[in-house]
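Keep in mind that the numbers below use all heavy atoms, side chains included, and drop hydrogens, waters and symmetry copies. Whatever order the structure lists ligands and atoms in, that order sets their numbers, starting from 1.
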Amino acid sequence: MLEALRVADLQLASIGFRLSVAGAPLCDRLEPGTGLQLHTLAQYAPPARDGIRAHFGLAGPVGVEGVVPGSPAVQAGVRADDTLMAINGTALAPAPAGEASTAQLAALHQQLAALPPTAPIDLTLSRAGRRIAVRVQPVAACFSRYELRIGNSFDARANGELVQITSKYLEAIDGDLLPAVVAHELSHNILRHRERLAAAGAEFGFASGFGRNVGLFRQTEIEADILAVHLLARARYSPHTAARFWREAGPRLMAGIVRSRSHPPLRDRIDLAVSEAARFTRPGAPPAPPPFLAKRNQPLDGDWRKLLPPSAR
Ligand SMILES: [Zn+2]
């Protein structure tokens, strides 16, 4: 069970790392990309913690659950099940007491993300009782943490600093199509959609399907669908991944979305993904980033129709 979770977490982390690094030129919030997939004792339920400590050989509250293949962490010699003791000479905070929480993990991400994106990071590790010092040479990456949530329904969200998808995606969707989901959610973060929706007074949940909320949410969904194709292409996934994803998984996904009125019709999403991907298959220089990227610091206007390809307007 823990090993299956490790494989799944690393699968998501690897896709996220690849998209975050390739997408860096499109991001104005950057962080050091290391390929470290950390986990904390505090994120597990208290009764499970002794077993977790033993299973992963943890010598402290924060461990390396895995390292993304080929990443700076691997090149520096970091291995799965190393315990992270210090970052740039500063010892990590002790584990918080209490119920399972990812707060410590989130704080750790904030701490690492605040470092210059390409400056070396000195890590002190504990491996089988020995202290090891490594220097990781990070690469610039879009600011975003990736988290797999155990869940039996399709749920993917982005809150500005976190991309979270449920394990249902990994179980039910062809692995080749997963980057489309992750790229869509990362696009929401790059475009600051969560905070811009809040600034526009958009109402989340049931109310999102009514009144002016519909336009605001559809605008963010369509923008994320378009930018996702650019991220996929830059990360050298097929730009057609998004269209395939919507065709193959869309009907199952849309059935589960209660607030479906706030989301664009599936047919529009497929048309959009097809037409955006087609721009990448033409000869010549790759297409410029979508114009709305330059407006990520401006208020949303809710005009989603102008974003559709002419055929779908
Ligand atoms: Zn979305």
Side-chain angles (χ1 to χ4, degrees), residues 12 15-16 19-20 23 26-27 142-149 151 153-166 168-170 172-173 177-200 202-210 212-232 237 241-273 276-277 290 292-293 295-296 300-305 307-308 312:
L12 175 58
I15 295 169
L19 289 167
S20 274
L26 303 181
C27 291
C142 297
F143 172 74
S144 207
R145 190 163 71 81
Y146 298 89
E147 186 176 280
L148 186 71
R149 185 163 68 78
S153 60
F154 290 110
D155 193 6
R157 50 185 70 192
N159 69 1
E161 65 171 73
L162 175 70
V163 165
Q164 187 190 63
I165 71 168
T166 49
K168 175 79 171 173
Y169 278 96
L170 274 68
I173 306 276
L177 302 183
L178 276 178
V181 187
V182 182
H184 174 93
E185 298 303 327
L186 175 60
S187 296
H188 280 314
N189 281 350
I190 292 173
L191 294 164
R192 307 207 164 124
H193 280 155
R194 185 77 193 196
E195 64 188 85
R196 290 163 75 203
L197 281 166
E203 299 167 277
F204 292 80
F206 183 68
S208 68
F210 298 94
R212 64 187 283 274
N213 295 319
V214 173
L216 293 169
F217 280 98
R218 284 195 179 185
Q219 181 181 7
T220 61
E221 288 309 313
I222 291 171
E223 285 185 357
D225 280 351
I226 294 171
L227 189 59
V229 175
H230 289 252
L231 289 174
L232 290 165
Y237 293 110
T241 309
R244 276 188 54 214
F245 169 80
W246 287 115
R247 265 198 210 104
E248 291 179 26
R252 277 182 289 164
L253 232 69
M254 300 300 267
I257 297 177
V258 182
R259 53 193 173 91
S260 57
R261 269 166 43 91
S262 65
H263 281 58
L266 183 55
R267 190 195 57 244
D268 285 354
R269 305 191 89 153
I270 295 171
D271 286 352
L272 201 63
E276 199 65 20
F292 55 76
L293 185 69
K295 297 182 181 169
R296 70 184 120 191
L300 296 167
D301 61 15
D303 183 3
W304 54 277
R305 283 186 186 84
L307 296 165
L308 296 179

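With F245 as reference, L253 is the one residue of L253, L178, L232 to meet the side-chain contact (heavy atoms from CB on, under 4.5 Å) rule.
Distance check for H263 against the Zn ion (ligand 1): none of its N/O/S atoms falls below 2.8 Å. Checking E185 against the Zn ion (ligand 1), every N/O/S atom stays at or beyond the 2.8 Å cut-off. For residue H184, an N/O/S atom approaches the Zn ion (ligand 1) to within less than 2.8 Å.
The Zn ion (ligand 1) is closest to atom NE2 of H188 (considering only N, O or S atoms). Per residue E221, closest N, O or S atom to the Zn ion (ligand 1): atom name OE1.
The main-chain N or O of L191 is found under 3.5 Å from a side-chain atom of R196 such that the two form a donor-acceptor pair. Distance alone, capped at 3.5 Å, is enough to place a donor-acceptor pair between the Q219 side chain and the D301 backbone.
Between N189 and N159 the shortest heavy-atom distance is OD1-N, 3.6 Å.
Under the 4.0 Å criterion applied to side-chain N and carboxylate O atoms, R145 and E147 are assigned as salt-bridge partners.
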